[in-house]
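All values reported here derive from a predicted model rather than from experimental measurement.
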Amino acid sequence: METIITLAALKIVGYGLAAIGPGIGIGVATHGLCTAAARQPEMKGQLMGYFFIGAAMSEALALLGLVLFFIA
């Protein structure tokens, strides 16, 4: 029983650590978007498209970690 609780706790900690990477990735992408939009406001529409693609790819890593959390 104690082993099961320990494994569950380690899985929760592991997912928490795995979610740090995508969070940093989205933060970096947002910073880049804000910087680029401030320099060239007329490109904002195209930049938003690139941002959404990058944020979705980064968020896919977090979702993959969540799925592995429930599988393992």
Side-chain angles (χ1 to χ4, degrees):
M1 182 67 162
E2 184 178 321
T3 305
I4 295 172
I5 294 172
T6 304
L7 288 176
L10 288 175
K11 286 174 28 177
I12 292 170
V13 170
Y15 176 66
L17 291 173
I20 291 173
I24 292 171
I26 291 174
V28 169
T30 304
H31 176 265
L33 172 70
C34 291
T35 303
R39 290 181 182 202
Q40 292 186 336
E42 66 276 0
M43 294 286 293
K44 185 179 178 186
Q46 187 176 5
L47 293 172
M48 287 295 288
Y50 292 144
F51 168 73
F52 287 140
I53 291 171
M57 294 177 87
S58 182
E59 195 63 34
L61 294 174
L63 291 175
L64 181 63
L66 183 65
V67 169
L68 289 177
F69 167 75
F70 285 114
I71 289 176

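- Neither Leu61 nor Leu66 shares a network with the other; the hydrophobic side chains, linked directly or stepwise wherever heavy atoms of I, L, V, M, F, W or Y lie under 4.5 Å apart, form separate groups for each.
- Hydrophobic cluster of Met57: the remaining members, joined at side-chain heavy-atom separations below 4.5 Å, are Ile53, listed by chain and number.
- By the criterion of side-chain heavy atoms lying less than 4.5 angstrom apart, applied directly or through intervening Ile, Leu, Val, Met, Phe, Trp or Tyr residues, Leu68 is not grouped with Leu17; the two fall into different hydrophobic clusters.
- Across Ala62 and Pro22, no two heavy atoms sit closer than the pair N-CG, 3.7 Å.
- Cluster annotation: Leu47 is connected to Phe52 through the hydrophobic network of ILVMFWY side chains, with a link wherever side-chain heavy atoms come within less than 4.5 Å.
- Phe51 and Leu33 make their closest contact through CG-CD2, 4.0 Å (heavy atoms, listed as atom of the first residue, atom of the second, distance).
- When atom types are taken as modelled, the side chain of Ser58 and the backbone of Gly54 share no donor-acceptor pair closer than 3.5 angstrom.
- With sequence neighbours excluded, the residues that form a side chain to side chain donor-acceptor pair (under 3.5 Å) with Gln46 are Tyr50.
- Atom SG in Cys34 sits 9.0 Å away from atom NZ in Lys44 (nearest 0.5 Å).
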